[in-house]
Amino acid sequence: SRSRSLVPFVTLAIETGARYGTIRTLQWGSVDFENRCLRWGKDKTAAGTGRVVPLSQRAVAALSFWATHFPEDKPEHYVFPAERYGAGGDQFSVKAYNVDPAKPIGSIKEAWEAAKLRAAKILKGIDDEEAEMEDAPQLESVKPLQCRFHDLRHTAVSRMLNAGVPIAKVAKIVGWSP
């Protein structure tokens, strides 16, 4: 994906069960690396707003790596800031520009849709070279995976329950209303 934020964004969704809008507006001041937890801001439910959730090793690793992109971050800066992408050069490398840490990312929809299509191609065994051929007949039948971003929340809950986390604790982590 051209969007460098897609992997840490999705990782956080799968590891915490957080909603899209809650992740989008997360600020660095809410991330506690030392105690491996974070405090969510406003959420869809009152039970979800302001909750403190533990971070898995994978979530901490993703956020720690992501933080290296923002060495001058401040507590009020957004973890996923507004930014634009472009590509150029002989190797057509993607670059982020117009990064504004005072504003949250607008949307990851384009990156999410592209990732779903790429995943479908991988599952069908179509490599990047084949995908670049315009007249490849197998490409016409490839449809993006049918997966909403919200499905990551369901995945997170299922993974927690399968790991033996009690339902009451899962409810607190994901911010379900009582």
Salt bridge (Lys or Arg N to Asp or Glu O under 4.0 Å) partners of residues 149-163, not counting sequence neighbours, each pair once | Glu15-Arg159, Arg148-Asp151
Could you check if a side-chain atom of Met160 sits within less than 4.5 angstrom of a side-chain atom of Val174, using non-hydrogen atoms only?
-> yes
Is the closest side-chain heavy-atom distance between Thr49 and Trp40 below 4.5 Å?
-> no
Rounded distance [0.5 Å steps], OH in Tyr20 versus CG in Leu152 = 12.0 Å
Heavy atoms, side chains only, cut-off 4.5 Å: are Pro81 and Phe70 in contact?
-> yes
Should Phe149 and Phe9 be marked as a ring-ring contact (aromatic ring centres under 6.0 Å, His included) after you check the CA-CA gap, both sets of side-chain angles, and the distance that decides it?
-> CA-CA 11 Å; Phe149 189 85; Phe9 200 103; 5.6 Å; yes
So do the side chains of Pro101 and Trp28 get within less than 4.5 Å of each other, counting heavy atoms only?
-> no
Is there a path of hydrophobic side-chain contacts, each under 4.5 Å between heavy atoms of I, L, V, M, F, W or Y residues, that connects Val31 with Val7?
-> no
Parallel, tilted or perpendicular: rings of Trp66 and His69 (30°, 60°) = tilted
Take atom CZ in Phe33; do more than 12 heavy atoms of anything else shown fall under 6.0 Å from it?
-> yes
If we only count heavy atoms from C-beta on, is the Ser5 to Ile105 side-chain gap below 4.5 Å?
-> yes
Mind running side chain to side chain contact (heavy atoms under 4.5 Å, CB included) on Asp100 and Glu83 for me, showing each step along the way?
-> CA-CA 6 Å; Asp100 186 353; Glu83 58 188 16; over 6 Å; no
Would you indicate whether Glu113, at its atom CD, is surrounded by more than 12 heavy atoms from other residues, nucleotides or ligands within a distance under 6.0 Å?
-> yes
Pair listing, side-chain hydrogen bond (donor to acceptor under 3.5 Å, both in side chains) test, anchored in residues 161-178, at least two apart = none
Given side chains that start at C-beta, do those of Leu123 and Leu145 come closer than 4.5 Å, heavy atoms only?
-> yes
Arg36, CZ: over 12 other non-hydrogen atoms inside 6.0 angstrom | yes
Is it the case that one hydrophobic cluster holds both Ile23 and Leu26, taking links as side-chain heavy atoms less than 4.5 Å apart, direct or via other members?
-> yes
Between CG of Leu63 and CG of Leu12, what distance do you get to the nearest 0.5 Å?
-> 5.0 Å
